[in-house]
2 protein chains.
Amino acid sequence: MNVHSFVCKFVFIRLIMDKKQAILKSVLRLVKRDGFYHLNMKKIAEEAGIAAGTIYLYFKGKEDVINALYKMIVTDFNQKVLDGYIESRSVKENFHEMLNNAIQFYLKERDYFSFIEQYTYAPFLFKENQDENFMLLLPIYKMMKEGKKQKVIKNLPDAILLSLIHGSMNTILKLHLAHKTDLNKKGIKQRFYDACWEAIAIAS
Amino acid sequence: MNVHSFVCKFVFIRLIMDKKQAILKSVLRLVKRDGFYHLNMKKIAEEAGIAAGTIYLYFKGKEDVINALYKMIVTDFNQKVLDGYIESRSVKENFHEMLNNAIQFYLKERDYFSFIEQYTYAPFLFKENQDENFMLLLPIYKMMKEGKKQKVIKNLPDAILLSLIHGSMNTILKLHLAHKTDLNKKGIKQRFYDACWEAIAIAS
DNA sequence: AAAATATAAATGAACGTTCATTCATTTGTT
DNA sequence: AACAAATGAATGAACGTTCATTTATATTTT
């Protein structure tokens, strides 16, 4: 393999990825706008500015597209949120940082939230693995475990702590996206973080 | 109108309602089992033990069926949960009672939860009115207001309190239905109620 | 360097299904 | 006989997917 062919191969892969991404981005926009129910291959192609058949060059079919998108979002989410975790910091600081990262993530990529919510509640729609549903909770688990060990977080069952953190985050995002509150206001966000922390922390 | 025709009319209405209910119950079971995506009129008819055309004698079409089901569930939920509200009782007691009613409601009618979750996140799918989404929150609103007035509930923005209560309830139900926890165990349920109350109550 | 050839990428009409809905007909009731 | 209720085959639109064809890109030959 000479340098020339190496460069060619690199460019080749990059282009494939670009088109794959373009298709996934289209799905994202469509699911947000019209919902899963009205999603179809022709629309996806139109939105991506390609022909319907082209999608099948990059994905096995509709299911494959949807699953690929889910995996992309989960990977992106976990990476960005776990980025906020620094061993040396206190649990409280890590909690704030990760919750903030999670909320910022969904505020920045608001289509992600809509997609994830709809995907999660479509039983056996496109799911290869039911446990996938809970992959988004990994960062919270990590933090909870450490907090319990250090006795700064209440010794409640994991499910309850998860509910208080993830559940309330979910709902406040929902309310934000429905314009029932405004997480961009600094005050609201801070008060939410604090309320959330108070809910799970051992009072000092 | 004589007694006979009155009886006839009564029976007539009852039968209509029975068939309507039978159709809605079928939808419920199918949505839980296969998801919204795989729902179709033939399946609904089969599940209800009637012919496909018969559905159109009772509903305008598919959308109408879905919307009717949603309205039925919301009405049922609000009634059953608000049943737990007694003016003379303390806010804390009312909170426990209503949260318990809500959870029992969804545990008893587990198909309801699956349906509501999927319906809520299908943007513009079958929704005549976007604000419908938040109709399930009415009972919580009522309690929150009173609690704030009596200064037993933290003076946080409604959206935050809602998130802590409704959001965490939602997630714990989700975890229960996915067998990640067991709300039927008395201990878990009680600890969840207490944790939830601690999250919103002013420490005494 | 241009032309010819080979390969890859993209297209969109066509296909077979599936679906919601309709309605002429049948079944049940008054 | 008269009416209401239920049927399910028929209909046509919509869908996911395929594939013969076209367009674009790369390679080889002249």
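So you know, we letter chains A, B, ... as the sequences are listed, proteins then strands, and number each from 1. The analysis underlying the following values was restricted to heavy atoms, covering all of them including side chains, and did not include hydrogens, waters or symmetry mates. If you're wondering where the values come from, they're calculated on a predicted model, not measured in any experiment.
- Atom-to-atom, NZ of A:K62 to P of D:dT18 comes out at 15 Å; the value is rounded to the nearest Å.
- Only one option out of A:D76, A:D83, A:N78 pairs with A:K80 in a side chain to side chain donor-acceptor pair (under 3.5 Å); it is A:D76.
- The cationic group of A:K32 does not satisfy the cation-pi geometry with A:F115, failing either the under 6.0 Å distance to the six-membered ring centre or the 45° limit from the ring axis.
- Rounded to whole Å, the distance from CD1 on A:I23 to C1' on C:dA10 is 11 Å.
- Side chain to side chain, B:D158 and B:Y141 fail the donor-acceptor criterion of an N or O pair below 3.5 Å.
- The phosphate of C:dT21 has neither OP1 nor OP2 within less than 4.0 Å of any side-chain N or O from B:K60.
- Between the P atom of D:dT18 and the CG atom of A:D64 lies a distance of 12 Å, rounded to the nearest Å.
- Of the possible polar contacts, none joining the B:T171 side chain to the B:S168 backbone as a donor-acceptor pair under 3.5 Å is found.
- Rounded to a whole Å, the CG atom of B:L57 is 13 Å from the P atom of C:dC23.
- Listed by first and then second residue, the side-chain hydrogen bond (donor to acceptor under 3.5 Å, both in side chains) pairs that reach into residues 43-53 of chain A are A:R29-A:E47, A:D34-A:K43, sequence neighbours excluded.
- Counting to the nearest Å, the P atom of D:dC15 and the OH atom of A:Y37 are 10 Å from each other.
- The CD1-P distance, from B:I50 to C:dT27, rounds to 18 Å in whole Å.
- For the segment residues 39-48 of chain B, the set of residues with a heavy atom within less than 4.0 Å of an atom of DNA chain C comprises B:L39, B:N40, B:M41, in numerical order.
- By the side chain to side chain contact (heavy atoms under 4.5 Å, CB included) test, A:E109 is found to be paired with A:Y112, residues two or more places apart in sequence or in another chain being considered.
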